[in-house]
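Every chain is numbered from 1, with letters handed out A, B, ... down the list of sequences.
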Amino acid sequence: MQETYVPQSIEPKWQERWEKENLFKLKGQGEKRYILEMFPYPSGKMHMGHVRNYLIGDVLARYYRARGFDVLHPMGWDALGLPAENAAIQDGRHPAERTRENVAHFKAEMKSIGYSYDWDREITTSDPEYYRWNQWFFLKMRQMGLVYRRMNRVNWCVSCATVIANEQVKDGLCERCNAVVELRQMPEWAFRITRYSQKLLDNLDQLTEWPDRVTSMQRHWIGRSPGAEIVFKIDGVDDAALSVFTTRADTLFGVTYLVVAPDHPLMQRLVNDETRQAILEFAAAQAKNAGKQKRDEEPEKEGVFTGAYAIHPFTGAKVPVWAANFVVSDYGTGAVMSVPAHDQRDFEFAKKYGLSIRAVIQKTPEASIDVTALEEAFVNDGVMVNSEGFTGLSSEKGRAAIAAALKDKNLGGPAVTFRQRDWGFSRQRYWGTPIPIVYCDRCDPAHEGISVPEDQLPVRLPDIDVSKVLTGRGEPPLAKVPEFINTICPICGGPARREAETMDTFVDSTWYFARYLSPHLKTAPVDAEVAARMLPVDIYVGGPEHAVMHLLYFRFWTMVMKALGLVTVEEPVKRLVTQGIVNGPDGRKMSKRWGNVVSPRDIVSKHGADAARTFVMFAGPPEKDIDWSDEQVEGCARFLNRVWRLAYANVKSARFADALGNESGRALDIRRAAHRALQKVTDDIERLSFNTAIARVMELVNTLTPIKPETDAEEAAMAEAIRLMAVMLSPVAPHLAEEISASYGATECLQLQGWPAFDAALTSQTEVAYAIQINGKLRGEIHVAPEMGKDEILALAKADAKISAQLEGKAIRKEIFVPNRLINLVVG
RNA sequence: GCCGGAGUGGCGGAGUUGGCAGACGCAGGGGACUUAAAAUCCCCUUGGGUUAUCCCAGCGCGGGUUCGAAUCCCGCCUCCGGUACCA
């Protein structure tokens, strides 16, 4: 052991040894633990957020391995996606080339931090051997009816002649070229995730080890709302009817008008010669405004009468049908029934346009509402009035009764609506998975798409001339590659065209966790047998920004994989950890803009990987945001130096065999301190409280540092304590821990030595401190033997000099005795 | 607005089941070692009452339950994240 701690001189050595000894491989037997972190998009540089993300997983992986679990801890690359393609448009470098380079950089940085990954299981989503299975899933899901083609509204930039994402639209203009953005209807591919909405919602109750904020966000996102569908016939139209969805069927008799979305599919049947022009203009104005909508402000309610009247299903009354900007076409049925007396939005609209108001719900049967004096809608539940045979029912009973009656009349019935939409996944991009579809005019005149046969997978991304194909404008990039787009029809063998669109990269990350189990398997995406043993993932660590999209798609795909017989679980992850952000030293998000970016590379070269690791874990609990602090990092480096000096100062004690037992005095104190620390550290790591685990080791080091062992027993105790300290430190500061362990005679790496059990005889209390309160205020403290009884302790407490003085002349009315903690004497 | 989370010293944070608030670290102060500095080691460090002792106050604010509340309940305030004419 060197006298001074130079992390740079020991860290690479241990990293090489771990790799050489294949310590991070799955053994295939024993109790498993699958620890997974969200795989990164390999950008040019790793930042501190990555470091923290992988560290949380790494500490757990190292801990569980030492505990003897069969740990799977893999890493891979979410390599397909927009950034590489956008960069290519800028500088002309091929995304594949850039990705290879970035992966190499990323991997080298990861290794320098000492993560314990099994690199033989590395996967890269841009590898055709990976994305072929995306295509395979697509084909299977198409057979299951989970894939379909639909029309969807997209943002179309007139100047770029291409589809752009919502985020690229700024105030109705294209972010890149400032040209006008239009809404266009375009065909796209979609997954029918809504078939699983109810299951995705129900299963949230099982995910007890997920953070509330994530399950709550998913619940909201799925947005289940039970109610009724009600069909209104249209006056003068026999072959079509307007269907509305409502959660308040009990207010049906209060309907005084209907409102439809400006782009409602039945609009042409509603308008007449007088209203057609006005409606057209209104719809066009709304489409134009859609992109401009600002957050946080509710636009003024505007509407236009369509000219049509709907017929009330019970009363037969004719109510006007309006078009208005507050009804959205893709929720519910795109049409609503308006009850201005009992809905605030409807009330405001009715007031603005002079529509009639009819009250049908009251607080009590007697408390009738004067609609002419109404200042706001009465939105609460109550009792139904003016509702024919339903009058007198409570709102709750009325909703059920009306829904049932509608069903009998064949004019609707109970219905459930979800906020969640299907997942449109086709992208007009190059750097993604090609959709395995061919269009043939002869075999598929409707252009629904012919599935590429399974044995022709993968449909590979063609190599391209970057500057010609990746321009960011015009038709999708792959449409400009003739050798890709022109193919033969799998049915007739004649000329055909391939689908030019690629898949959303969220597809790649829906099932990668299962691919790690058998990353090289040629015959299937997942080895079902291995999956049965290894799933679910025990702990999944990642950023909370993935709370809905990724984690919902991920759960959906697992359900599909179960339906395909690939996995046995319905939910992919048992425990989810969403880690907080690492901010800059100024408390702001690390960014070039603020000049507050701290590079992991710099920290490793300055303080060593272990100090960086210790800081990141010590700064706060995993789910909290932390601020980078140079002073705190130095503090951690100082701590590791103290550890080193302690180990170095006592290294001669290592030769004393662990002939331990029957100690007394200082030797016993040393052993007690070490075993108590071990007990607490173990407990802290189990509950993911890494910051306090490190604090426990610091306490131990503070206790041991001043002690200079003199007897054999003390030397042996000290050597044991330092070995245990190395174990406790090993998940967080593995390199330093290994070096100390080796210097103290270990020939095996720490993870093979196992995680020792603490000795209960040493952690038990030798004396118990009782706080003594009088009327709840702390007034003294006594120390007693653990076996002492309640009465005896109470007597001692009252006899204590300070206490007895305070009790002088007062009567004790009550004595509270909390074993091992405190005594509270209540006096009059 | 609604849903979720948080609010504790100068700072980051401990406090696991209602039981001694402030572990551990940073910053700051004092001392030891040194020719000196750095490094290291030791001590102090919530505020107030002129402080070895002792007393009072104190965990965003105001109430409540309890022998006892950072912790439970009610009503507010502030911040963070999500979401929004959702019928």
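Picking from B:G4, B:C85, B:C56 the nucleotide with the shortest atom distance to the side chain of A:K777 gives B:C56. Considering only the side chain of A:R213, B:G4 comes nearest among B:C42, B:G4, B:C85. Closest contact between the side chain of A:S216 and the listed nucleotides B:C86, B:C3, B:A87 involves B:C3.
One side chain, A:R555 or A:Q218, offers a donor N or O that lies under 3.5 Å from an acceptor on the other. Side chain to side chain, A:Q773 and A:R779 fail the donor-acceptor criterion of an N or O pair below 3.5 Å. A:T578 and A:E623 share no side-chain donor-acceptor pair at under 3.5 Å.
Taking the C1' atoms as reference points, B:C74 lies 22 Å from B:C79, given to the whole Å. Using P as the reference atom, B:U35 and B:G49 are 43 Å apart when rounded to the nearest Å. If you take atom C1' in B:G81 and the same atom in B:U17, they sit 30 Å apart, rounded to whole Å. B:G68 sits 15 Å from B:G19 when the P atoms are compared, rounded to a whole Å. Going from the P atom of B:C24 to that of B:C72 covers 26 Å, rounded to whole Å. B:G60 and B:A69 have their P atoms separated by 15 Å, with the value rounded to a whole Å. B:G9 and B:G18 are spaced 23 Å apart, taking the P atom of each and rounding to whole Å. Taking atom P in both B:U16 and B:A21, one finds a spacing of 14 Å when rounded to whole Å.
Protein atom CG of A:D343 is 10 Å distant from nucleotide atom C1' of B:C85, rounded to whole Å. A:E631 places its CD atom 13 Å from the C1' atom of B:G10, with the value rounded to the nearest Å. Distance CZ (A:F615) to C1' (B:C24): 14 Å, rounded to an integer number of Å. Going from atom CD1 of A:I222 over to atom C1' of B:G82 covers 15 Å, rounded to whole Å. Atom C1' of nucleotide B:A6 and atom CD of A:E623 are separated by 11 Å, given to the nearest angstrom. Put simply, CE on A:M698 is 15 Å from P on B:G13, counting in whole angstrom units. Atom P of nucleotide B:C2 and atom CE of A:M217 are separated by 19 Å, given to the nearest angstrom. When the C1' atom of B:C26 is taken as reference, atom CG of A:N702 falls 14 Å away, rounded to whole Å.
The distance from the CG atom of A:L729 to the CG atom of A:L736 is 6.0 Å, given to the nearest 0.5 Å. Atoms CG and CZ, from A:L576 and A:F554 in turn, are 9.0 Å apart once rounded to the nearest 0.5 Å. Atom-to-atom distance recorded for A:E634:CD and A:R638:CZ is 7.0 Å, nearest 0.5 angstrom.
Here B:G15 is in the anti range [glycosidic angle more than 90° from 0]. Taking syn as a glycosidic angle within 90° of 0, B:U8 does not qualify and is anti.
Ion pairing between A:D205 and A:R219 holds under the 4.0 Å rule for side-chain N and carboxylate O. A salt bridge links A:E699 to A:R696: one of the charged nitrogens lies within less than 4.0 Å of a carboxylate oxygen. Taking a cutoff of 4.0 Å between a charged side-chain nitrogen and a carboxylate oxygen, A:R248 and A:D343 do not qualify as a salt bridge. Between A:K352 and A:E302 there is no salt bridge, since no side-chain N of the basic residue sits under 4.0 Å from a carboxylate O of the acidic one. Between A:D684 and A:K680 there is no salt bridge, since no side-chain nitrogen of the basic residue lies less than 4.0 Å from a carboxylate oxygen of the acidic one. The existence of a salt bridge linking A:D381 and A:R399 is confirmed by a sub-4.0 Å separation between a basic side-chain nitrogen and an acidic carboxylate oxygen.
A:R224 comes within 4.0 angstrom of nothing in the nucleic acid, heavy atoms only. Here A:R638 lies in heavy-atom contact (under 4.0 Å) with sugar-phosphate atoms only. Among the heavy atoms of the strands, none lies under 4.0 Å from A:S629. Across all strands, A:V327 comes closer than 4.0 Å to base atoms (heavy-atom distances). Nucleic acid contact class of A:V259 (heavy atoms, under 4.0 Å, all strands): none. The residue A:Q632 sits close to a base: some heavy atom pair falls under 4.0 Å.
In terms of polar N and O atoms assigned as donor or acceptor, the side chain of A:K301 comes within less than 3.5 Å of the base of B:C85 in a complementary pairing. With hydrogens and angles ignored, a donor-acceptor pair closer than 3.5 Å exists between the side chain of A:R345 and the base of B:A87.
Comparing A:R642 and A:I626 by the nucleotide of RNA chain B whose heavy atom lies nearest to each, the residue mapping closer to the 5' end is A:I626. Comparing A:F418 and A:E634 by the nucleotide of RNA chain B that holds the closest heavy atom to each, the one mapping nearer the 5' end is A:E634.
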Margin query: Let me check I have this right: for RNA chain B, each base becomes ., (, ), [, ] or |, based on Watson-Crick or G-U pairs with both distances under 3.5 Å. What is the full string?
Written below: (((((((..(((......[....))).(((((.......))))).((((....))))..(((((..]....))))))))))))....
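A close approach under 4.0 Å does not occur between any side-chain nitrogen or oxygen of A:T417 and OP1 or OP2 of B:A87. The phosphate of B:C41 has OP1 or OP2 within less than 4.0 Å of a side-chain N or O from A:R645.
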Margin query: I'd like to compare against my own output: the B/S/- annotation of nucleotides 14-23 of chain B with a strict under-4.0 Å heavy-atom distance to protein.
Written below: SSB--BB--B
